[in-house]
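Everything below concerns the one structure shown next.
We number each residue from 1, following the sequence as shown. As the structure is a computational prediction, the values presented were derived from the model and not from experiment. Computed from heavy atoms alone, side chains included, the values below leave out hydrogens, waters and symmetry copies.
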Amino acid sequence: TLTFRGKAGTAPTTAEGTLNLSVNDRDALGRLTGAALPDLPQGFGARSLAAKGQVTLRPDGTVRLRDAEILADDRTWQVDGTWEPGQSRPRLVATIAVDALSLGASGGGSGTGGGEGWSTDKIDGSALGLLDAEVTLTAGSIRVGGLGLGPTRARLTLDNARAVIGIDEAEVYGGTLAGKIVVNARKGLSSSAALQLDGADLQPLLTDVAGTARLAGKAHATIDLLASGQTLAALMRNMSGTVALRMGKGELVGFDVVGMLRTMDPGYVGEGRKTLFSALTISAAIKGGVAKSDDLVLTGDVFAATGKGQVDIGERRVNYRLLPSLTISQ
């Protein structure tokens with residue numbers, strides 16, 4: 001159903017009034033229009049779509065939507081925006097508020113043809129060239145793959161197939177995340193990230209993102225990465241940049257350093273299977289998908305440890321040595 005209350009004209013084509021739209025049968029709408037409707041993700045109108053708001057249509061084709069409420073499946077969006085035809089491509093300027101938002105699935109998994117490794121399926125970035133946009137988003141929560149964010153304020157600028165996502169502030173696992181992510185599909189595909197994480201609870205974060213939880217405690221991290229490639233595997237193998245992590249009191253889960261030193265047994269597990277530490281710092285330089293680090297410092301009440309080695313991100317291999325020592329007689 002579609003209803004419009006207001007005034008409209010055809011010479012030139014104009015309209016101004018209140019619009020109400022309800023789509024509960026996508027198949028029937030497709031038959032009516034004679035065109036196959038695009039598949040939409042859950043929460044974006046996959047099952048049903050309804051909208052109401054003040055709409056203005058100008059002679060040049062510009063559409064202005066004010067005080068709009070859009071119900072997509074079971075998710076409510078508050079929208080105020082303008083759609084302009086543009087010369088090269090359409091342009092969208094909007095402010096959007098939503099309670100909860102889910103974007104995409106986890107990025108790991110198997111490559112084409114089976115076996116473990118990063119996906120080798122080609123990433124299609126052509127959708128970034130369909131329009132230009134300036135969008136401000138406020139969300140109560142966001143799920144991006146395995147990563148869960150709390151209240152978030154972000155901005156999206158899309159210009160000629162280059163997207164810049166500015167995260168003004170996002171609550172993440174008891175801490176905050178801020179920074180910028182760029183995805184550029186003008187020539188091939190490249191992406192960069194400059195992010196700062198402050199005070200996040202690292203154990204649930206690692207569980208959701210990496211499926212493991214070897215570190216527990218509050219983390220402060222800086223991330224500056226650049227990658228290019230048409231597949232996830234290529235992006236990982238071409239990654240470069242720097243990362244740094246700093247923690248205060250925390251735990252190494254499943255790894256008893258003090259027990260190993262006391263028993264002189266590198267295979268010692270021990271009761272509780274964890275190491276309590278008072279501070280941890282580490283940084284790494286990444287080139288060609290390989291992260292190299294030689295400055296790990298880990299300290300506890302009765303031990304200290306240093307570490308160095310490398311992590312081959314592209315090939316998913318780790319070669320790292322931890323050198324611990326007792327600091328008092330046991």
With a 4.5 Å cut-off on side-chain heavy-atom distances among I, L, V, M, F, W and Y, is there a chain of contacts connecting [X] to [Y]?
| X | Y | result |
| --- | --- | --- |
| Trp118 | Val290 | no |
| Leu235 | Val182 | no |
| Leu65 | Phe4 | yes |
| Ile181 | Leu101 | yes |
| Leu296 | Val311 | yes |

Pairwise distance [atom1]([X]) to [atom2]([Y]) - rounded to 0.5 angstrom:
| X | Y | atom1 | atom2 | answer |
| --- | --- | --- | --- | --- |
| Arg237 | Ile313 | CZ | CD1 | 12.0 Å |
| Asn319 | Lys308 | CG | NZ | 11.0 Å |
| Thr275 | Leu298 | OG1 | CG | 7.5 Å |
| Leu21 | Leu2 | CG | CG | 6.0 Å |
| Thr56 | Leu19 | OG1 | CG | 11.0 Å |
| Asp121 | Leu232 | CG | CG | 9.5 Å |

Give a yes or no on whether the backbone of [Y] and the side-chain of [X] come within a donor-acceptor separation of less than 3.5 Å.
| X | Y | result |
| --- | --- | --- |
| Arg75 | Ala100 | yes |
| Asp73 | Ser48 | yes |
| Thr10 | Thr13 | no |
| Tyr173 | Leu206 | no |
| Thr207 | Gln203 | yes |

Could Asp159 and Arg186 be called an ion pair, given the rule that one side-chain N must be under 4.0 Å from one carboxylate O?
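Looking at Asp159 and Arg186, the cut-off is met.
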
Are more than 12 heavy atoms from other residues, nucleotides or ligands located less than 6.0 Å from atom NZ of Lys218?
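More than 12 heavy atoms, drawn from other residues, nucleotides or ligands, come within 6.0 Å of this atom.
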
Distance-minimising heavy-atom pair for [X] and [Y]:
| X | Y | result |
| --- | --- | --- |
| Ala216 | Val253 | CB-CG2, 4.4 Å |
| Ala219 | Leu245 | CB-CD1, 3.7 Å |
| Leu226 | Ser192 | CD1-CB, 3.9 Å |
| Asn238 | Ser228 | ND2-O, 2.9 Å |
| Leu149 | Thr152 | CB-OG1, 3.7 Å |
| Ala305 | Pro324 | CB-CA, 3.7 Å |

Contact check, side chains of [X] and [Y], non-hydrogen atoms, under 4.5 Å:
| X | Y | value |
| --- | --- | --- |
| Ile167 | Leu177 | yes |
| Val79 | Thr95 | no |
| Leu195 | Leu197 | no |
| Leu92 | Leu158 | no |
| Arg58 | Thr14 | no |

Compile the donor-acceptor pairs under 3.5 Å between side chains in residues 276-289 and protein atoms, sequence neighbours left out, one pair per line.
| from | atom 1 | to | atom 2 | distance (Å) |
| --- | --- | --- | --- | --- |
| Ser278 | OG | Thr299 | O | 3.1 |
| Ser278 | OG | Thr299 | OG1 | 3.4 |
| Ser283 | OG | Asp295 | OD1 | 3.4 |
| Ser283 | OG | Asp295 | OD2 | 2.4 |

Go through the structure and list residues passing side-chain contact (heavy atoms from CB on, under 4.5 Å) with [X], not counting sequence neighbours.
| X | answer |
| --- | --- |
| Val209 | Leu147, Leu205 |
| Pro151 | Glu171 |
| Thr242 | Asp224 |

Residues 126-140, side-chain donor-acceptor partners within the protein, below 3.5 Å, at least two apart:
| from | atom 1 | to | atom 2 | distance (Å) |
| --- | --- | --- | --- | --- |
| Ser126 | OG | Asp124 | OD1 | 2.7 |
| Ser126 | OG | Asp124 | OD2 | 3.3 |
| Asp132 | OD1 | Asn160 | N | 2.9 |
| Asp132 | OD2 | Arg89 | NH1 | 3.3 |
| Glu134 | OE2 | Arg91 | NH2 | 2.8 |

Do the side-chain N and O atoms of Gln310 and Asp312 include a donor-acceptor pair separated by under 3.5 angstrom?
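Short answer, no.
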
Would you tell me whether Ser22 and Asn24 have side-chain atoms, one donor and one acceptor, within less than 3.5 Å of each other?
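Yes, a side-chain donor-acceptor pair sits under 3.5 Å.
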
Check step by step if salt bridge (Lys or Arg N to Asp or Glu O under 4.0 Å) holds for Asp168 and Arg155.
CA-CA 8 Å; Asp168 296 328; Arg155 295 165 286 108; 2.8 Å; yes

Six-ring centre of Trp83, Arg64 cation under 6.0 angstrom, axis tolerance 45°
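Verdict for Trp83: no cation-pi partner in Arg64.
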
Applying ring pair (Phe, Tyr, Trp, His ring centres under 6.0 Å), name anything that partners Phe44, two or more places apart in sequence or on another chain.
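Residues passing ring pair (Phe, Tyr, Trp, His ring centres under 6.0 Å) with Phe44: Trp77.
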
Determine the sole option in Asp67, Thr18, Asp80 for which the side chain to side chain donor-acceptor pair (under 3.5 Å) test with Gln54 is passed.
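One option only clears the test, and that one is Thr18.
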
